[in-house]
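Notes for the one structure printed next.
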Number of protein chains: 2
Amino acid sequence: MEQLDEIDKKILRLLQEDAKLTTKELAAQLGLTLSPVYERIKRLEGIGFIKQYVAVLDKNLLGQPITTFCQVSMRYHDKAFINKFEEEIKKLAEVQECYHMAGQVDFLLKIHVGSLDEYHNFVKYKLSEIENIGTLNSTFVLKEIKRNLGYPVH
Amino acid sequence: MEQLDEIDKKILRLLQEDAKLTTKELAAQLGLTLSPVYERIKRLEGIGFIKQYVAVLDKNLLGQPITTFCQVSMRYHDKAFINKFEEEIKKLAEVQECYHMAGQVDFLLKIHVGSLDEYHNFVKYKLSEIENIGTLNSTFVLKEIKRNLGYPVH
DNA sequence: CGGGATAAAGAAAAATTTTCGGCATGGAAC
DNA sequence: GTTCCATGCCGAAAATTTTTCTTTATCCCG
């Protein structure tokens, strides 16, 4: 596995914030010319440090103002049931994130919907339909204080 | 507030997945020429549906393999204390997300670190240092099953 | 039927991405 | 000490994309 130098890290930090920065702008901030910056970015993409580039949308304007975290426990913990659950979850568009957790509950889901009514329907007709779910515990987000999409680059 | 037509929505769905798509490629998928696609994107940026463009990095390659969710309850709930807490949280690079929650606990934090040792130090020397914290309850992510960065576009 | 607004098309200009050859530096081998 | 090779940066040219602008078509309203 390759190692990053300070220039690579600076590129990653900047692109994490704004992927539309041109190589020209990056080069200026780094005190380099276009070529090395371009090559470094391609290298970072190639070895997988940069996985993709995405547009970040406004969930309120999209009509999805409600965020909830839902803790799910399975009734049985056979591998087959767990796999089945994970596959079903991946199909649900409302579920933005899903983590298999240590501790009391098995899974933590982050869910986005447009209204309480929609959430009710989601739980009743989609989530609860999945086999082998034991308990469900939903908590609602009142306010998003912070949402970074990137990670610290040390 | 403006309304989106099907073409706008398709553009948003595509750019949410891959922000590097050129207007040419988008135009081809939409059955349009460059101009209308270009104008629509600029409009979607202008009215705020598209907030930013970011590069998505690989947290394991970055050396940040550990994700935890930490539930925080405040001792007192004065507005001043709450605001202070939120400001302090915003400063902590390890905290990727922070939500003010309904229910038993006040805040839910998503945290990324490189090791258990680092997490220990984070809790002991950074998180716990913040005034007025009542209880802390950390649960560790065993496995990331799904992590979409976008929202469903209806 | 005409006027005006909206959206798309087409073409040209500007800027960026991508490719490529060359130059300097530094380390390894002899 | 010198030669060779690898690495990283530079600079310029080519390819592609972004951006701007003008024109055309369509639809709605008066």
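The chains referred to below are lettered A, B, ... by the order of the sequence lines, with proteins before strands, and numbering in each begins at 1.
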Sorted by first residue and then second, give each side chain to side chain donor-acceptor pair (under 3.5 Å) pair with at least one member in residues 105-114 of chain A; sequence neighbours left out.
-> A:Thr67-A:His112, A:His77-A:Asp106, A:Gln96-A:His112, A:Glu97-A:Lys110, A:Lys110-B:Glu97, A:Lys110-B:Tyr99

Name all residues meeting the side chain to side chain donor-acceptor pair (under 3.5 Å) criterion together with B:His154; count only those two or more places apart in sequence or in a different chain, and write none if there are none.
-> none

Do any of residues 11-19 of chain B sit with a heavy atom less than 4.0 Å from DNA chain D, and if so which?
-> none

Expressed in angstrom and rounded to an integer, what is the separation of A:Asp5 atom CG from D:dC9 atom C1'?
-> 13 Å

Linked hydrophobic residues, B:Val105 as query - side chain contacts closer than 4.5 Å | none

Validation: residues 45-56 of chain A side-chain donor-acceptor distances under 3.5 Å, sequence neighbours left out:
| unit_1 | atom_1 | unit_2 | atom_2 | d |
| --- | --- | --- | --- | --- |
| A:Glu45 | OE1 | A:Lys42 | NZ | 3.3 |
| A:Glu45 | OE2 | A:Tyr53 | OH | 2.6 |

Could you list all the side chain to side chain donor-acceptor pair (under 3.5 Å) pairs where at least one residue sits in residues 25-39 of chain B, not counting sequence neighbours?
-> B:Thr22-B:Glu25

Find the distance B:Leu32:CG to C:dT6:P and express it as a whole number of Å.
-> 18 Å

If you link I, L, V, M, F, W and Y whenever their side-chain heavy atoms are under 4.5 Å apart, who else ends up in the same group as A:Leu92?
-> A:Ile66, A:Val72, A:Met74, A:Ile82, A:Phe85, A:Ile89, A:Val95, A:Phe107, A:Leu109, A:Ile111, A:Val113, A:Leu116, A:Tyr119, A:Phe122, A:Val123, A:Leu127, A:Ile130, A:Ile133, A:Leu136, A:Phe140, B:Ile145

Provide, to the nearest angstrom, the distance between the CD atom belonging to B:Glu39 and the C1' atom belonging to D:dT19.
-> 11 Å

Send over the distance from B:Arg43 CZ to C:dA8 P, rounded to a whole Å.
-> 10 Å

Transitive ILVMFWY side-chain link B:Leu61 to A:Leu12, under 4.5 Å = yes

Could you pull out the protein-nucleic contacts involving nucleotides 22-28 of chain C (nitrogen or oxygen on both sides, under 3.5 Å)?
none

Each residue besides B:Tyr125 in its hydrophobic cluster should be listed here, by chain and number; the cluster joins Ile, Leu, Val, Met, Phe, Trp and Tyr at side-chain heavy-atom distances under 4.5 Å.
-> none

Restricting to nitrogen or oxygen on both sides, can you table the protein-nucleotides 16-18 of chain C pairs closer than 3.5 Å?
| unit_1 | atom_1 | unit_2 | atom_2 | d |
| --- | --- | --- | --- | --- |
| C:dT16 | OP2 | A:Lys24 | NZ | 3.3 |
| C:dT17 | OP2 | A:Thr23 | N | 3.2 |
| C:dT17 | OP2 | A:Thr23 | OG1 | 2.9 |
| C:dT18 | OP2 | A:Lys42 | NZ | 3.3 |
| C:dT18 | O5' | A:Tyr38 | OH | 2.9 |

Taking only residues two or more places apart in sequence, or in another chain, which ones meet B:Lys126 in a salt bridge (Lys or Arg N to Asp or Glu O under 4.0 Å)?
-> B:Glu94

Could you name each residue pair satisfying ring pair (Phe, Tyr, Trp, His ring centres under 6.0 Å) that touches residues 4-25 of chain B, not counting sequence neighbours?
-> none

